[in-house]
Visitor: 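Got a structure for you, written out below as structure tokens; questions coming shortly.
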Amino acid sequence: MKTTDNFYYAVENLLNQDAISSTLPEFYPYKPITRGQAASIIVKVLGLDITNVKDPHFTDVPPTHQFYPYIAALQNEGIIGGYSDKRYGVNDPLKRGQMTKILVDGFNIPLIGIYDANLENYSDVYRAYVDTNDGYNYIAFKAPFGKYIYTMDYYGYISGFKDNTFRMNAYLNRLQLALMIEKIQRKREDFDYFFFKDFGLESKETYDTIVGEHGETRFVSLDSSIISIIDTIDDTSFGLQKTFQPPVADQMIIRNDNEYAILKPHKAGTTQLSHISEPTKNGRITTIIDVVVTEENDKLNVAIKKAP
């Protein structure tokens, strides 16, 4: 492994966290990583406790197995599961799709919905079909890992192949895992999140096709030099999306109940977020959210609360 390798610093990142051993003579970057090896690395970078774990009862991972405490820790946290035959598959190569779900769940990365996915990035992670009940076209994430793949892609944590595929069932090699973890750890603290349900709010966009009226919730930062709103995400839309609406539709809900907004803090300071509802019979309703951004050890911390 040379310093000119594109994965050199990603491997160094794992070494610095004692997630891999520095005593081994080779890293074997292009070798597929097993599910057991990956469990060990993920637990170490997440800092999970491995001393007080409950037996996950996988038939191929007895308590004497070297990877038992790591697999048990992930299973106890709901981050991994096993096969229907009650095995974990400890020596099976880990697949690329499986890894995206483990990392999303392990690092608590908020899921995006299909409205926010860049579907052009991967031709093999979504499917288009016609619903035989209504005859309209739909788009859906491919199960079981499509929504996790596009979430990782949205944040720039993964990339695909030159043929515009992701290959969720291909084996993940050791350098790819190192690169994914390094990107997540380096980038994830750049963002904070505003979950609308925590404040009893929602974000909605509607269009009345009869009268041509358009209404939407407005969610803005009053000082974007302190904190800006990157996007609002409807994570409930991972199932279906109409590619067009029937012309007889009385009202089209374009985006409903956006679950969270992605915020990016820029500097320490105090400002407000303004949530202005879509038009109602009583006009628009404005809710003010106080935001305080502080800096400590070169890290920006965000505190959010509804204004009195």
Side-chain angles (χ1 to χ4, degrees), residues 100 103-119 121 139 141 146-158 183-207 214-241 252-280 283-296 299-308:
T100 60
L103 292 177
V104 166
D105 290 345
F107 283 99
N108 293 315
I109 301 170
L111 289 166
I112 69 166
I114 202 162
Y115 292 114
D116 304 286
N118 189 346
L119 298 177
N121 283 1
I139 296 175
F141 289 139
K147 61 183 175 180
Y148 299 97
I149 293 168
Y150 273 116
T151 294
M152 292 278 284
D153 175 75
Y154 179 90
Y155 288 104
Y157 299 151
I158 59 172
K183 287 181 180 179
I184 292 172
Q185 291 185 313
R186 174 166 46 87
K187 292 182 175 183
R188 68 191 300 264
E189 291 186 354
D190 289 346
F191 304 105
D192 211 286
Y193 302 95
F194 179 90
F195 292 89
F196 289 95
K197 63 182 179 181
D198 291 346
F199 295 85
L201 302 172
E202 67 175 12
S203 183
K204 183 186 294 183
E205 186 175 352
T206 60
Y207 187 78
H214 177 239
E216 63 180 333
T217 301
R218 300 173 187 171
F219 188 60
V220 297
S221 171
L222 300 188
D223 190 341
S224 57
S225 70
I226 295 175
I227 194 167
S228 56
I229 299 170
I230 303 300
D231 202 355
T232 52
I233 302 294
D234 179 9
D235 71 352
T236 62
S237 70
F238 58 76
L240 304 173
Q241 178 193 35
M252 177 173 66
I253 299 178
I254 303 172
R255 186 185 292 250
N256 186 21
D257 197 19
N258 288 314
E259 296 293 332
Y260 67 93
I262 303 172
L263 310 178
K264 183 175 178 59
H266 301 287
K267 66 180 182 181
T270 301
T271 186
Q272 293 178 320
L273 303 175
S274 176
H275 178 280
I276 307 172
S277 72
E278 67 169 345
T280 67
R284 290 183 179 269
I285 301 172
T286 301
T287 304
I288 298 298
I289 310 296
D290 290 330
V291 178
V292 178
V293 179
T294 57
E295 184 173 0
E296 184 177 359
K299 178 184 176 182
L300 294 174
N301 301 301
V302 179
I304 304 173
K305 66 178 182 178
K306 186 181 290 189

Visitor: Do side-chain atoms of Tyr260 reach the backbone of Pro110 as a donor and acceptor pair under 3.5 angstrom?
Guide: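 Yes, the answer is positive, given that a donor and an acceptor are paired below the 3.5 Å cut-off.
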Visitor: Could you pull out all residues at least two apart from Tyr148 that satisfy ring pair (Phe, Tyr, Trp, His ring centres under 6.0 Å)?
Guide: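 Partners of Tyr148 under the ring pair (Phe, Tyr, Trp, His ring centres under 6.0 Å) test: none.
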Visitor: Taking side chain to side chain contact (heavy atoms under 4.5 Å, CB included) as the test, write out the residues that go with Asp290, two or more places apart.
Guide: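 Scan of Asp290 (side chain to side chain contact (heavy atoms under 4.5 Å, CB included), adjacent residues dropped) gives Gln272, Ile288, Lys305, Ala307, Pro308.
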Visitor: Before giving the answer on side chain to side chain contact (heavy atoms under 4.5 Å, CB included), spell out for Thr232 and Phe196 the whole-Å C-alpha distance, their side-chain angles and the decisive distance to 0.1 Å.
Guide: CA-CA 10 Å; Thr232 52; Phe196 289 95; 4.2 Å; yes
Visitor: Listed by chain and number, what are the salt bridge (charged side-chain N to carboxylate O under 4.0 Å, His left out) partners of Asp105, not counting sequence neighbours?
Guide: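 Partners of Asp105 under the salt bridge (charged side-chain N to carboxylate O under 4.0 Å, His left out) test: Lys101.
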Visitor: In terms of the angle between their ring planes, are Tyr155 and Tyr157 parallel, tilted or perpendicular, with boundaries placed at 30° and 60°?
Guide: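 The arrangement is parallel - the two ring planes meet at less than 30°.
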Visitor: Which residues pass the side chain to side chain contact (heavy atoms under 4.5 Å, CB included) test with Asn118, sequence neighbours left out?
Guide: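 Per chain and number, Asn118 pairs via side chain to side chain contact (heavy atoms under 4.5 Å, CB included) with Glu120, Asn121, Asp153.
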Visitor: Can you name the residues that form a side-chain hydrogen bond (donor to acceptor under 3.5 Å, both in side chains) with Ser225, not counting sequence neighbours?
Guide: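 Ser225: side-chain hydrogen bond (donor to acceptor under 3.5 Å, both in side chains) contacts with Asp223.
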Visitor: Short question: side chain of Tyr150, backbone of Ile114 - any donor-acceptor pair under 3.5 Å?
Guide: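 The answer is no, because no donor-acceptor pair under 3.5 Å joins these two groups.
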Visitor: Using residues 262-270 as the side-chain source, report each donor-acceptor pair under 3.5 Å to any protein atom, sequence neighbours left out, with the distance given to one decimal.
Guide:
residue : atom : partner : partner atom : Å
His266  : NE2  : Ser228  : OG           : 2.7
His266  : NE2  : Lys264  : O            : 3.3

Visitor: Kindly compute the distance separating CZ (Phe199) from OG1 (Thr287), expressed to the nearest 0.5 Å.
Guide: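 Going from CZ on Phe199 over to OG1 on Thr287, the span is 11.0 Å.
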Visitor: Hey, does Asp116 have a side-chain heavy atom less than 4.5 Å from the side chain of Asp231?
Guide: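 Yes - at least one pair of side-chain heavy atoms lies under 4.5 Å apart.
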Visitor: List for me each residue that meets side chain to side chain contact (heavy atoms under 4.5 Å, CB included) alongside Ile285, sequence neighbours excluded, and say none if there are none.
Guide: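 Ser277.
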Visitor: Could you list the residues that satisfy salt bridge (charged side-chain N to carboxylate O under 4.0 Å, His left out) with Glu295, not counting sequence neighbours?
Guide: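 Glu295 satisfies salt bridge (charged side-chain N to carboxylate O under 4.0 Å, His left out) with no residue once adjacent residues are dropped.
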Visitor: Looking at CG of Asn301 and CD of Glu296, how far apart are the two atoms once the value is rounded to the nearest 0.5 Å?
Guide: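 So the CG of Asn301 and the CD of Glu296 are separated by 6.5 Å.
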Visitor: Is there a side-chain contact between Phe194 and Leu201, using heavy atoms and a 4.5 Å cut-off?
Guide: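 They are in side-chain contact.
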Visitor: With sequence neighbours left out, what residues match Tyr154 under ring pair (Phe, Tyr, Trp, His ring centres under 6.0 Å)?
Guide: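 Testing Tyr154 for ring pair (Phe, Tyr, Trp, His ring centres under 6.0 Å), a comparison that skips the adjacent residues, returns none.
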Visitor: If you measure from CD1 on Ile227 to CG on Leu273, what distance do you get to the nearest 0.5 Å?
Guide: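 Answer for the CD1-CG pair, Ile227 versus Leu273, is 6.0 Å.
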Visitor: Could I get the full list of salt bridge (charged side-chain N to carboxylate O under 4.0 Å, His left out) partners for Arg218, not counting sequence neighbours?
Guide: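 By the salt bridge (charged side-chain N to carboxylate O under 4.0 Å, His left out) rule, Arg218 matches no residue at all.
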Visitor: Could you give me the CA-CA distance, side-chain angles and deciding distance for Val291 and Ile226, then say whether side chain to side chain contact (heavy atoms under 4.5 Å, CB included) is met?
Guide: CA-CA 9 Å; Val291 178; Ile226 295 175; 5.8 Å; no
